[in-house]
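Starting from 1, each residue takes its place in the sequence as its number. Counting starts at 1 for both ligands and their atoms, following the listed order. The analysis underlying the following values was restricted to heavy atoms, covering all of them including side chains, and did not include hydrogens, waters or symmetry mates.
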Amino acid sequence: MEKLVVRGGKRLCGEVTISGAKNAAVAIIPAALLVDGICIVENVPAIKDVAVICSILEELGAKIDFLDKYTIKIDCSNVNKYTAPYEKVRKMRASYYLLGALLGRVKKADVALPGGCNFGSRPIDQHLKGFKALGAKVSDDPEIEKSGIVYAATDGLVGTNVYLDVVSVGATINVMLAATLARGTTIIENVAKEPHIVDVANFLNAMGANIKGAGTDVIRIHGVDKLHGGTYSIIPDQIEAGTFMVAAAATGGDILVKNVIPKHMESVSAKLEETGATVKEFDDSIRVIGTGTIKPVNIKTLPYPGFPTDMQPQFVSLLAAADGTSIVTESVWESRFQYVDELMRMGADITVCNRTATIKGTGLCGTQVRATDLRGGAGMVIAGLMADGETTITDIQYIDRGYENMEEKFRNLGADINRVNDTRIDN
Ligand code: EPU
């Protein structure tokens, strides 16, 4: 076990290059199960969740080679298993994509309910609704030794209309995966529009799929017989970029965030400007200049293009040191304020009532805190960078799931942050 030790108060300046998008990578890698041929995927982030999804694919029979640190070659021609290993599936949320991808490929899928960060109940009923509409059934075959939910489409999947009752990133991508090789046309309505949904559709189209409308409210998928191999490069990670942008504002710094798509950052850039930071957009980079004082702002998280829930903890940390009171409302997840208790250990003055946090700006002091989840952990790092004295962050395995070399990237900007062994006896 390791922990991060941050000594706050340094003004962060310089350039940081953003890695490929986690939430695109963890969907595109299982999407390769649908491909008859070799996929080369570039700009893959070197993070724990990618390592886990790659090892699940290998257990299913795929051959995966790293051509370099960020480029993987995936050959799924020998995949014929449909049971995903429970011990790995439970480690990450995105393992639900194996259901759509395996149903598309083998017409059968046995996948346990996924794990991932705990934000209260995280149902996948909309994914299952989509699979059922396409003709998959919960299998009652006594011959099958089940390790999770088993879905089978003995006669193959057939295109249909699917209306999602809630705007869901995962359900949108999963139904799209299952429908790619289905017979006929599938129309999915009320879909999510996040940049990584467009990225997965672009990947599939580059391999021969016929998907239109990703990024709008309605996606149309004309099923094709098979997908061919090809090369595809993943988009930059919108949330990693946002985390460094907040760090610039939090430390009164000046950071050029490189390898971003500024359009994807609009809601974050606008909120940072409201806090008083200067945000300058270039073709594929954004410069954020903090002033040292932070104005309070109100935020409501929403599906894209609204303000992303995955940036909520980082902003709450920033606002904990603002000059006044801010109100942050979480409208995507039922329970995404667990990290607030940790922030309060650092002196933050925050009251959470249901899905709303009222944050009275104050000074933060270093102490020992833990990462309660991936983005909560990023919020702790932001708080540590602003705090007086030393902050120790434990349980950083959550951070490693989704941020590549976070401490090294911060150190290169002038932060005093180090990863050390966590020698706690209760580990
Ligand atoms: N929902 C349902 N039924 C479903 C699916 C979702 O009720 O079948 C509800 C959820 O409970 C939630 C809302 O719909 O209240 C949105 O959930 P969504 O399905 O969009 O979330 P997800 O696909 O499970 C992805 C990201 C999350 C990110 C959310 C929202 C991945 C692997 N995860 O989760 O990312 O918070 O979209 O943008 O793509 C993170 O990266 O830290 C992270 C948690």
Numbered in order shown, the ligand 1 atoms found under 4.0 Å of a heavy atom of Val332 are 12 (C), 13 (C), 15 (O), 16 (C)
Heavy-atom contact check, 4.0 Å cutoff: does Glu334 meet ligand 1? no
In short, Ala249 meets Leu272 closest at the heavy-atom pair CB-CD2, 3.8 Å
Under 4.0 Å between heavy atoms, the region of Arg336 that gets near ligand 1 turns out to be side chain
The answer for which part of Ser168 has a heavy atom under 4.0 Å from ligand 1 is both
To atom 17 (O) of ligand 1, the nearest of Trp333, Tyr96, Tyr97 on a heavy-atom basis is Trp333
Candidates Val26, Leu302, Thr309, Asp310; heavy atom nearest atom 35 (O) of ligand 1 found on Asp310
Closest to atom 18 (P) of ligand 1 by heavy-atom distance, out of Leu128, Val169, Asp125, is Val169
Of Gly377, Pro303, Pro123, the residue with the heavy atom nearest atom 4 (C) of ligand 1 is Pro123
One finds that the ligand 1 atoms under 4.0 Å from a non-hydrogen atom of Leu374 are 42 (O)
Interatomic distance, CD1@Ile350 vs OG@Ser326, rounded to 0.5 Å, equals 9.5 Å
Atoms of ligand 1 under 4.0 Å from any heavy atom of Gln126, numbered from 1 in the order shown, are 3 (N), 4 (C), 8 (O)
Checking heavy atoms under 4.0 Å, the part of Arg93 that sits near ligand 1 is side chain
Under 4.0 Å from one or more heavy atoms of Lys22, ligand 1 contributes atoms 40 (C), 41 (O)
(Q) Does Arg220 have more than 12 heavy atoms from other residues, nucleotides or ligands lying within 6.0 Å of its CZ? (A) no
Ligand 1 to His127, heavy atom cutoff 4.0 Å, flagged ligand atoms 8 (O)
- Query: Parallel, tilted or perpendicular: which fits the ring planes of Tyr304 and His264, with parallel below 30° and perpendicular above 60°?
  - Reply: perpendicular
Does an N or O anywhere in Gly170 fall below 3.5 Å from an N or O of ligand 1? yes
Can you tell me if CG on Asp165 sees more than 12 non-hydrogen neighbours from other groups inside 6.0 Å? yes
Looking at Asn23, Ile197, Asp373, the heavy atom closest to atom 39 (O) of ligand 1 belongs to Asn23
Test side-chain contact (heavy atoms from CB on, under 4.5 Å), reference Ile221, set Ile188, Asn210, Leu181, Val175, output is Ile188
Here the atoms of ligand 1 under 4.0 Å from any heavy atom belonging to Ile124 are 4 (C), 8 (O)
Can you list the steps and then say if Gln368 with Thr392 is a side-chain hydrogen bond (donor to acceptor under 3.5 Å, both in side chains)?
CA-CA 5 Å; Gln368 179 165 325; Thr392 303; 5.3 Å; no
Next item on the list: On the 0 to 90° scale, with breaks at 30° and 60°, tag the Phe410-Phe244 ring pair as parallel, tilted or perpendicular.
Entry: tilted
Residue set satisfying salt bridge (Lys or Arg N to Asp or Glu O under 4.0 Å) with Asp49, at least two apart, ordered chain then number -> Lys22, Arg401
Across all chains, not counting sequence neighbours, the salt bridge (Lys or Arg N to Asp or Glu O under 4.0 Å) partners of Glu42 are none
